[in-house]
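The block underneath contains the structure these notes are about, expressed in structure tokens.
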Amino acid sequence: MSKKFSKAAIVAAGMAGALVLSVAGSSTAFADPGFHYPASVFYTGPGNVAGVGSDTIQDVENGLAQQINATAAAADKVESWDAVAPGTRAVHGKIATKGASVTTTGFERPNGSGEGQAALSRAIDGGAWPTGTGGTTTLRGKVDYARSSSGTAHFTATEPLTFIPFARDAVSYAYVDSTGQLASLTPATLTGIYKGTTTSVGGTAVHPWLPQAGSGTRKFFLKAIGVTDDAALVARIGTRVTEENNGVPLTQGSVVPFSAAQWIAQKNGQISNFTGSAKIGSIKLNGTTPVSPVTGTTKLAPNLTFYNSTTFGRDVYNVVATSATKVTTSPVFHLFVTTSTHTALVGTTAAKTVITKYGFLNVTYAGDATNARGHTNTGPLVANPSTVK
């Protein structure tokens, strides 16, 4: 399946979303990285460390890049390339990192955690990656890290990818419902909705949506509710697929997984608002009592009870080459690895302040030791998803 065909509906939804775009202030980290950041950013040249991947954490990482690039040494300047065309929820073709020419060395923009991990894998093994115009290219030297909103269950220290947690998010659902029946649901009801065994709630017909294939939010949410992402699910969902964290295309009775941190950042005006007419749903974590993922009215904040849920709370990650974490002079080490004698640039007090502005919680930071919920994980290289083959 070609990426253009599989994401056509997402493009349309993104263009519709652009009509409601709003950006708060010149300090907002908005658009593609480095030399494309707003004029308020002190650094205006290309970065030395380039990252791609997750839509959910692209905005907070843009903010971190803005903060880091203001003072970092030239070797540690960082680029965080958006998952889709900046300011929209539409897929955009080619990018070129580190100031290179899109015409001569451009490649297809990795969209989502899965594609980000795959792009980093191709940068490590030299395998082929689509150019976005029918050919292939190599990503060696072009991608140094992947943003990922999902982790890995592996722990073998010798595996080539290392997943370093840097913040805490949670996943609930967004919905559109004039009757109020979809405002709070049990995990079991959500399971039924996505398995196709529950087609209405309190007399309200319900229509499940999913983020795009390769989305870490999609993968996490389906695992949380015990639903397999297979051909049968894809058939049930049909064309109800949107770029993650986009509520604009939802119609009456629709539900879709949504990052709580993204909801907060969008509603607080920290980033572009693509919630549309949707509301954020509460999940009955214990089966009876609704728990909202957010608190507040005029200014939203994380609900610690929801974020600390072992089912719907999640850490988010920077994924890097394991070999780079062992070289203390490497920019990847400087940016992402914290040890007893070194604090990662994304783990400083200033960086943690940025993280909270985007609706995330800070975690006890660790490069290759432990964090608040376990160990930094490792994993094997991953294959190119069908969306980019």
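Positions are given from 1 along the sequence. Because the structure is a prediction, the values reported are computed rather than measured.
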Using a distance-only test with no angle check, is there a side-chain donor-acceptor pair under 3.5 angstrom linking S148 and S54?
no
When you compare the side chain of F274 with that of T242, does any pair of heavy atoms fall below 4.5 Å?
no
Compute whether any side-chain donor of one residue and acceptor of the other, for K94 and T103, lie under 3.5 angstrom apart.
no
To the nearest 0.5 Å, what is the distance between NZ on K299 and CG on N268?
4.5 Å
Checking side-chain polar atoms at under 3.5 Å, does S309 have a donor or acceptor matched by the opposite partner on R314?
no
For the residue pair H342 and H334, does the interplanar ring angle fall in the parallel (under 30°), tilted (30 to 60°) or perpendicular (over 60°) class?
tilted
Is the ring pair F360/F166 parallel, tilted or perpendicular, if the boundaries are 30 and 60 degrees?
tilted
With under 30° as parallel and over 60° as perpendicular, where do the rings of F258 and W263 fit, or are they tilted in between?
perpendicular
Can a donor-acceptor pair be found between the side chains of Q270 and D59 at a distance below 3.5 Å?
no
Gap separating the CD atom of Q252 from the CG atom of L182, nearest 0.5 angstrom:
7.5 Å
Are T275 and Q266 linked by a side-chain donor-acceptor pair shorter than 3.5 Å?
no
Cationic N near anionic O, under 4.0 Å, D229 to R218:
yes
Tell me yes or no: between the side chains of T152 and N377, is some donor less than 3.5 Å from an acceptor?
no
Any idea which heavy atoms bring D169 and S259 closest together, and the distance?
OD2-OG, 2.9 Å
When you compare the side chains of T322 and T378, does any donor N or O come within less than 3.5 Å of an acceptor on the partner?
no
With ring centroids as reference points, do Y307 and F312 lie under 6.0 angstrom apart?
no
NZ/K219: more than 12 non-hydrogen atoms of other groups inside 6.0 Å:
no
With distance as the sole criterion, is a donor-acceptor pair present between the side chains of T356 and N362 under 3.5 Å?
no
So, N62 versus D82: side-chain donor-acceptor pair below 3.5 Å or not?
yes
Assess, by modelled atom type and distance only, whether the side chains of E79 and N48 contain a donor and an acceptor separated by less than 3.5 Å.
no
Output a table of donor-acceptor pairs, distance under 3.5 Å, between side-chain atoms of residues 283-290 and any protein atom two or more places apart or on a different chain; print 'none' if there are none.
from, atom 1, to, atom 2, distance (Å)
N286, OD1, T288, N, 2.9
N286, OD1, T288, OG1, 3.2
N286, OD1, T289, N, 2.8

We want to know whether N384 and R122 form a side-chain donor-acceptor pair, criterion being a heavy-atom distance below 3.5 angstrom.
yes
Distance alone, cut at 3.5 Å: any donor-acceptor contact between the side chains of E244 and S215?
yes
Would R236 and D230 pass as an ion pair if we require N to O under 4.0 Å?
no
Side chains of F336 and T325: closer than 4.5 Å at any heavy-atom pair?
no
Under the rule for side-chain hydrogen bond (donor to acceptor under 3.5 Å, both in side chains), what residues qualify as partners of T186, not counting sequence neighbours?
T189
Verdict with reasoning, S254 to W209, per side chain to side chain donor-acceptor pair (under 3.5 Å):
CA-CA 7 Å; S254 297; W209 285 66; 3.1 Å; yes
Between the side chains of T204 and Q181, is a donor N or O closer than 3.5 angstrom to an acceptor N or O?
no
Taken to the nearest 0.5 Å, the spacing of I280 CD1 from L300 CG works out to 9.5 Å
Give a yes-or-no answer on whether the side chains of Q58 and S80 include a donor-acceptor pair shorter than 3.5 Å.
no
